[in-house]
Amino acid sequence: MLDSLKNNLRDAIKKIVKSSGIDEELIKELSKDVQRALLQSDVNVRLVLEITKQLEARSLNETPPPGLSRKDHIVKILYDELAKMLGKETDFDFKPGKQNKLIMLGIQGSGKTTVTAKLAKFLIKQGYTVGVIGADTYRPGALVQLRTMCEKSNVEVYGEPNNKDSPDIVKNGLKHFEELPLDVIIIDTAGRHKEEKDLLAEMEQINKVTDPDLAILVIDGTIGQQCFNQAEAFHKTIPVGGIIVTKLDSSAKGGGAIAASAATGAQIMYVGTGERIDDLEKFSPTRFVGRLLGMGDIQAVLDLAKRLENEG
Ligand code: GDP
């Protein structure tokens, strides 16, 4: 996952832990290395500068706590700042006694339909009752794909193969599910139209008939900075409350997803890590950074720092 970012960051850390002593020049060099690594991964320039400014200032000015060497402390600061960039861990806040409605947004090919089915199964496993509405009337096969994927987890998918009016389908679907004891209804929407403005107009209508509790933006982790504009356009139409990043198992750079998060102010909640239905993980900024740096948590990062130091 995110191999080049991982390697570049680890090389940067290696330089620090292998140095004979820490001075300003070395801290500046670390800052430059981290900048390069993040920019190559498509992280937004402004964000990169913010992080490395903090990294430099804290590395120069902070006194390490007792028991922590200066080098380890700098590694920890890097870890902290990267985790901060990714925000806080968040989860669904479903209200009991009502049908919580989620709208899935995202461009075609982002993995929206797959994520809808994955999320339905994930929530079922947590004990929620779930219904799905298939309202992508633009992409041929979207409804069949959704039904096939949801069938295995016994989730009912409401759809109307011969109706092209997706807000109408959503309205009918909500009515269909109205009397059922469902905790969550997930609505899969189209990701493409002939013109972007038609797509956004359709989302606006779906938003109106749904009155959603949460709109989730699905972002393809392999695309770069154009995520920012995409996310912004959706966000202006329906306020995005959460983000799911897909395809982090492939050659994803990941920075685009961070850009989307910045554009909407929404948190990354889950990540897709494969094509199978169970390949969905809750997103934890600290664990994610731990993985980027090659380790699970901060203790492990410090252990890694020690090991790299002793490596020949
Ligand atoms: P939609 O047009 O946004 O509904 O996209 P789909 O759900 O049809 O997904 C587009 C393609 O991406 C499909 O071939 C999926 O199997 C694939 N895909 C979706 N999520 C992931 C993921 O997390 N990892 C990988 N490797 N492929 C994914």
Side-chain angles (χ1 to χ4, degrees), residues 91-92 94 96 98-193 199 202-203 206 209-210 212-221 242-250 269-283:
D91 209 347
F92 294 111
F94 295 133
K98 68 169 272 193
Q99 295 185 338
N100 294 267
K101 292 168 283 186
L102 307 184
I103 293 187
M104 309 301 284
L105 301 171
I107 61 157
Q108 186 160 310
S110 59
K112 191 163 20 69
T113 302
T114 309
V115 162
T116 302
K118 283 179 177 178
L119 194 57
K121 179 166 185 196
F122 186 90
L123 293 173
I124 293 257
K125 277 201 293 196
Q126 297 199 338
Y128 293 106
T129 46
V130 182
V132 168
I133 300 175
D136 180 355
T137 55
Y138 198 90
R139 179 162 69 84
L143 182 60
V144 173
Q145 180 193 348
L146 190 58
R147 284 200 162 130
T148 310
M149 290 190 85
C150 285
E151 220 163 54
K152 290 178 212 135
S153 31
N154 282 324
V155 173
E156 184 183 347
V157 177
Y158 182 89
E160 297 178 27
N162 299 317
N163 188 353
K164 287 279 171 213
D165 182 346
S166 51
D168 188 50
I169 295 173
V170 173
K171 201 162 68 195
N172 297 340
L174 291 173
K175 189 142 194 64
H176 170 80
F177 284 132
E178 203 171 48
E179 299 304 322
L180 299 180
L182 296 180
D183 302 311
V184 185
I185 296 177
I186 311 175
I187 301 164
D188 185 25
T189 64
R192 211 185 111 197
H193 266 252
L199 174 67
E202 179 173 297
M203 293 308 119
I206 290 182
V209 294
T210 308
D213 294 277
L214 184 66
I216 293 180
L217 181 66
V218 179
I219 291 278
D220 180 337
I243 292 173
I244 296 183
V245 185
T246 62
K247 308 184 195 178
L248 281 190
D249 52 306
S250 47
M269 299 176 80
Y270 286 84
V271 295
T273 53
E275 292 189 74
R276 288 171 309 127
I277 185 117
D278 291 313
D279 296 331
L280 183 75
E281 291 177 23
K282 194 164 175 344
F283 179 73

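Any value given below was found using the heavy atoms of this structure, including those in side chains, with hydrogens, waters and symmetry copies removed. Residue indices begin at 1 and follow the sequence shown.
The side-chain contact (heavy atoms from CB on, under 4.5 Å) test applied to Lys152 returns no partner, not counting sequence neighbours. Here Lys121 pairs with Asp278 under the salt bridge (Lys or Arg N to Asp or Glu O under 4.0 Å) rule; sequence neighbours left out. For the ring pair (Phe, Tyr, Trp, His ring centres under 6.0 Å) test, residues two or more places apart in sequence or in another chain that qualify with Tyr270 are Phe92, Phe122. Taking Phe177 as the reference, nothing meets the ring pair (Phe, Tyr, Trp, His ring centres under 6.0 Å) condition, with sequence neighbours excluded.
The line from CG of Leu102 to CG of Leu214 is 5.5 Å long, rounded to the nearest 0.5 Å. The CD atom of Glu156 lies 11.5 Å from the CD atom of Glu151; values are rounded to the nearest 0.5 Å. Here Ile169 contributes atom CD1 and Ile133 contributes atom CD1; the two are 9.5 Å apart, rounded to the nearest 0.5 Å. The structure places CG of Asp136 at 9.0 Å from CG of Leu146, a figure rounded to the nearest 0.5 Å. Summarising the geometry, atom CG belonging to Asn163 is positioned 11.0 Å from atom CG belonging to Leu143; distances are rounded to the nearest 0.5 Å. Atom CD1 of residue Ile103 and atom CD1 of residue Ile216 lie 10.5 Å apart, to the nearest 0.5 angstrom.
Counting only heavy atoms from C-beta outward, the side chains of Leu174 and Lys101 approach each other to under 4.5 Å. Inter-residue side-chain proximity for Asp168 and Lys171 is flagged as met; some heavy-atom pair is nearer than 4.5 Å. With a 4.5 Å cut-off on side-chain heavy atoms, Met269 and Ile243 do not count as touching.
The environment of Lys98 atom NZ is dense: over 12 non-hydrogen atoms of other residues, nucleotides or ligands sit within 6.0 angstrom.
Donor-acceptor pairing under 3.5 Å is recorded for the side chains of Ser166 and Glu202.
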Show me the donor-acceptor pairs, under 3.5 Å and distance only, between side chains in residues 178-192 and residues at least two apart or in other chains.
residue	atom	partner	partner atom	Å
Asp183	OD2	Thr129	N	2.8
Asp183	OD2	Thr129	OG1	3.1
Asp188	OD2	Thr113	OG1	2.9
Thr189	OG1	Met104	O	2.6

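When all heavy atoms of Val170 and Ala135 are compared, the pair lying nearest together is CG2-CB, 3.7 Å. Smallest separation of non-hydrogen atoms from Val132 and Ala120: CG2-CB, 4.1 Å. Nearest heavy atom pair, residue Val157 against residue Cys150, reads CG2-CB, 3.5 Å.
Not one N or O on the side chain of Lys112 forms a donor-acceptor pair closer than 3.5 Å with the backbone of Ile107. Side-chain atoms of Lys118 never come within 3.5 Å of backbone atoms of Leu280 as a donor-acceptor pair (strictly under, hydrogens ignored). At distances below 3.5 Å, at least one donor-acceptor pair connects side-chain atoms of Thr246 with backbone N or O atoms of Ser110.
Annotation: ring pair (Phe, Tyr, Trp, His ring centres under 6.0 Å) contacts involving residues 137-158, sequence neighbours excluded, comprise Tyr138-His193, Tyr158-His176.
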For this session: Could you give me the CA-CA distance, side-chain angles and deciding distance for Ile219 and Ile244, then say whether side-chain contact (heavy atoms from CB on, under 4.5 Å) is met?
Result: CA-CA 6 Å; Ile219 291 278; Ile244 296 183; over 6 Å; no

Exercise. Given the rule in the side-chain contact (heavy atoms from CB on, under 4.5 Å) test, do Arg276 and Asp279 qualify, once you have shown the distances and angles that lead to the verdict?
Worked result: CA-CA 5 Å; Arg276 288 171 309 127; Asp279 296 331; 2.9 Å; yes

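A salt bridge links Asp220 with Lys247; the closest basic N to acidic carboxylate O contact falls under 4.0 Å.
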